[in-house]
2 protein chains.
Amino acid sequence: MAAAKRLTQKDIAQLAGVSQATVSLVLNGTPLSHSRIPAETRERVEKVIRDTGYVADPVARKMVKGLNRILGVFTYEPAFPSGQADFFTPFLFGIEEAAQALGYDLLLLTGAGQQRKIFGDNVRLRLADGCVILGRKFDNTELARLVAGDFPFVAVGRRDDAGGPVPYVGGDYAPATSALVERAKSFGHRRIAYIGLNEGAESTVDRWYGFSRAVGEAELVTSIFEVGRPPNEILDILLAAGATCVFVTELVDAIAIEHAARSRGLSIPDDLSIVVLGNHIRAEEVGRRFTSFAIPREAMARAATEMLVRRVEHDAPVEQILLHCEPLEGDTLGAPSSKTKKTK
Amino acid sequence: MAAAKRLTQKDIAQLAGVSQATVSLVLNGTPLSHSRIPAETRERVEKVIRDTGYVADPVARKMVKGLNRILGVFTYEPAFPSGQADFFTPFLFGIEEAAQALGYDLLLLTGAGQQRKIFGDNVRLRLADGCVILGRKFDNTELARLVAGDFPFVAVGRRDDAGGPVPYVGGDYAPATSALVERAKSFGHRRIAYIGLNEGAESTVDRWYGFSRAVGEAELVTSIFEVGRPPNEILDILLAAGATCVFVTELVDAIAIEHAARSRGLSIPDDLSIVVLGNHIRAEEVGRRFTSFAIPREAMARAATEMLVRRVEHDAPVEQILLHCEPLEGDTLGAPSSKTKKTK
DNA sequence: TCCTGTCGCTAATACGTATTAGCTATTTAT
DNA sequence: ATAAATAGCTAATACGTATTAGCGACAGGA
């Protein structure tokens with residue numbers, strides 16, 4: 001119980017009747033140095049190591065080698081406390097999978113308290129060889145410092161330049177959104193609305209960009225650049241504008257609108273098509289399968305982790321990767337009914 | 001890009017015109033030593049630190065202090081690869097929550113490859129101050145070594161002695177199982193069956209123990225000490241024995257039996273009651289709410305983490321805690337129909 | 001004037017490992 | 001027999017920090 005002082009190479013050396021240096025050489029000598037230690041000695045040392053169960057202290061190892069085979073995972077929004085869990089989980093799975101395949105362990109930064117700062121007094125992050133950063137909204141000052149600094153990192157999700165290009169793996173939301181717009185148009189929709197922010201986080205901007213690029217001037221009948229507005233208000237605006245199809249960035253808004261519409265006797269998608277920009281975890285539990293696109297969260301996380309390892313091990317140059325987002329058919333996008341059309 | 005060599009205290013010292021020791025004292029001096037550094041000097045050093053954005057290398061820190069504020073998480077069964085994810089997730093959430101509250105970060109041991117050994121060549125575990133161990137089935141040799149060693153750890157789930165008492169936080173399955181048996185008996189069940197292993201992992205043994213303690217000799221009509229047997233075979237045996245109620249350890253078995261029973265025109269719970277010993281994640285998705293008991297996974301993980309910190313920080317003695325498992329009403333346990341009773 | 005004490009700082013060391021330079025004893029070449 | 005080479009090891013050092021012992025300068029008291 002009384003913390004029997006950890007074994008060190010010195011102890012092993014003493015037991016085997018050699019020097020500490022010899023123990024270290026036995027443990028991880030190059031072929032060159034190995035050839036200079038006779039099998040007899042090596043076996044004697046190895047036996048002591050086996051018997052005692054000695055393992056090298058990874059801290060001391062990192063001290064001298066500089067590398068740890070540990071990757072940090074930092075999240076801006078507090079990631080775990082149940083609420084956000086569903087957002088974080090698939091990313092974590094992807095990171096873990098890639099890390100395991102590459103022989104790395106993960107250091108989960110809990111952000112000790114509320115701070116959520118990379119550069120604090122307690123920057124334990126640097127214990128890792130590099131770091132994956134998650135979160136919708138980054139602190140741009142910190143991001144700039146990271147870019148300027150020498151600590152390897154990769155962001156999950158596209159990031160604008162911050163005093164230099166940011167290495168990232170993101171979802172290619174713009175074309176995915178455009179594709180859904182095209183699909184709506186091919187169904188015959190000519191009066192389309194947009195509900196969601198159009199500025200702020202990169203992911204938001206990308207969606208709006210993809211949307212506005214694909215939709216014609218005449219077709220965009222109204223936009224509500226906010227989220228969480230009362231659904232009945234939204235619906236009033238949509239109907240007043242004569243929209244037959246609405247693009248929504250937030251699943252909760254979509255659910256609320258769908259509810260409100262049904263309670264007014266409107267049919268989805270006949271009277272109103274709803275498209276959600278990006279799938280959400282547990283989406284299957286909301287009852288309705290919204291037309292949307294798939295965000296390849298695990299694949300993003302895997303790719304980011306692999307990129308990070310490339311940067312750590314080979315000092316690879318900055319890469320920026322956007323992964324394709326597959327459209328999800330769903331059942332909330334259909335041809336506008338003629339009734340609705342005339343109602344306009 | 002060219003890894004601009006990390007700042008050290010020596011650099012700071014040079015810039016501030018003091019010695020490395022002074023920098024260290026400014027950073028984390030005791031009140032005693034602080035009083036011996038005039039405000040002027042301290043401010044000068046602090047300014048340089050602010051300007052350069054220097055942060056102490058946590059590795060070197062751990063080297064000398066011995067502690068890291070990092071907790072390891074080791075899982076025997078490979079934890080992440082999606083399949084097992086649901087088992088692992090609630091535990092991880094609990095650990096993370098407690099770790100965050102206590103100001104610790106988490107080191108997730110990926111087990112690099114298939115090995116899943118604590119004592120391997122690559123035991124990076126010891127970088128942490130202590131370790132939480134998860135998994136249904138432990139390697140007993142390793143457990144014994146852990147118990148004998150001086151590295152603080154806590155198991156999630158009860159563990160038999162391994163050359164000494166194992167510190168753990170588990171679920172109190174035996175009384176939870178007994179309570180369900182009592183409940184079945186109070187419904188009038190007198191012909192009860194058991195399906196599941198009765199030896200092996202501690203959690204399995206506890207369930208069987210709790211069951212056999214509460215059920216009378218005469219009431220246990222049949223037992224099948226295996227899992228995953230074809231449901232129709234099981235059902236034949238149950239009906240032949242005239243069982244009115246069956247206790248099942250594995251959810252999959254319960255689901256299969258329920259299916260098979262319904263396709264034979266039997267009604268659950270009228271013709272056959274089914275009790276599952278322990279709730280399962282995503283249980284709500286299987287359609288039927290099985291009568292069972294709740295395993296407080298997050299609470300177990302939290303408690304284990306807190307216990308671990310006690311051991312790390314205060315060298316606290318071994319504790320063994322079993323948390324209460326609340327019964328889950330469900331709808332698969334009811335009074336046996338008189339028809340079934342006579343059928344016997 | 002000399003002794004004592006305090007202030008403000010620094011030199012030195014430990015932590016556990018990896019690694020290089022180099023030492024001693026033995027063998028080989030001449 | 002002597003020089004050169006080689007085998008088999010070890011001493012020494014670096015990594016970056018925390019911490020203790022203690023040094024020099026100056027102040028105050030006798």
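Order of the sequence lines sets the chain letters (A, B, ...), proteins ahead of strands, with each chain counted from 1. Remember, it's a predicted structure, so these values are computed and weren't measured experimentally.
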(Q) Whether A:Arg61 and A:Asp57 form a salt bridge (side-chain N of Lys/Arg under 4.0 Å from carboxylate O of Asp/Glu) is what I want to check. (A) no
Side-chain atoms of B:Met63 come closest, of C:dG8, C:dG16, D:dG8, to C:dG16
Residue-phosphate contact under 4.0 Å: A:Thr22 side-chain N/O, D:dT10 OP1/OP2: yes
ask   = Does the side chain of B:Thr8 get closer than 4.0 angstrom to OP1 or OP2 of D:dG16 through an N or O atom?
value = no
note: B:Asp11, atom CG; D:dT17, atom C1'; distance rounded to Å ~ 13 Å
| message | Less than 4.0 angstrom between a side-chain N/O of B:Arg61 and OP1 or OP2 of D:dG16, yes or no? | response | no
| request: Would you mind checking if A:Arg311 and A:Asp315 are paired as a salt bridge, meaning a charged N to carboxylate O distance below 4.0 Å? | output: no
Winner on side-chain proximity to A:Lys65, out of C:dG16, D:dT19, C:dA18, is C:dA18
In whole angstroms, the gap separating C1' of D:dC15 from NZ of B:Lys10 amounts to 9 Å
Rounded to whole Å, CG of A:Leu25 lies from P of D:dT10 at a distance of 10 Å
To the nearest 0.5 Å, atom CG of A:Asp139 lies from atom CD1 of A:Ile133 at 10.5 Å
- Task: Give one of base, sugar-phosphate or nothing for A:Val18, where a contact means two heavy atoms less than 4.0 Å apart.
- Result: sugar-phosphate
Suppose we call a contact any N or O donor and acceptor under 3.5 Å apart; does that hold for the side chain of B:Gln20 and the base of D:dA18? yes
- Query: Under a 4.0 Å N-O cut-off, is there an ion pair linking A:Arg159 with A:Asp161?
  - Reply: no
Indicate, yes or no, whether a donor-acceptor pair under 3.5 Å links the base of D:dA18 to the side chain of B:Gln9. no
A:Arg42 atom CZ is separated from D:dA7 atom P, nearest whole Å, by 14 Å
_Does a side-chain N or O of B:Thr41 approach OP1 or OP2 of C:dC9 to a distance below 4.0 Å, or not?_
yes
B:Lys62 atom NZ is separated from C:dG16 atom C1', nearest whole Å, by 12 Å
Next on the checklist: Check the phosphate of D:dG16 against B:Tyr54, side-chain N and O only, distance under 4.0 Å to OP1 or OP2. Yes or no?
Outcome noted: no
Heavy-atom nearest nucleotide on DNA chain C taken for B:Ala60 and for B:Gly17; more 5' hit belongs to B:Gly17
Atom CD of A:Glu43 and atom P of D:dG8 are separated, to the nearest Å, by 14 Å
side-chain contact (heavy atoms from CB on, under 4.5 Å) with B:Tyr104: of B:Val309, B:Leu308, B:Thr305, only one passes, and it is B:Val309
Whole-Å distance, A:Leu27 CG to C:dA18 C1', equals 11 Å
Rounded to whole Å, CG of B:Asn28 lies from P of D:dG16 at a distance of 17 Å
Of the candidates D:dA18, C:dG8, C:dT19, the side chain of B:Pro38 sits closest to C:dG8
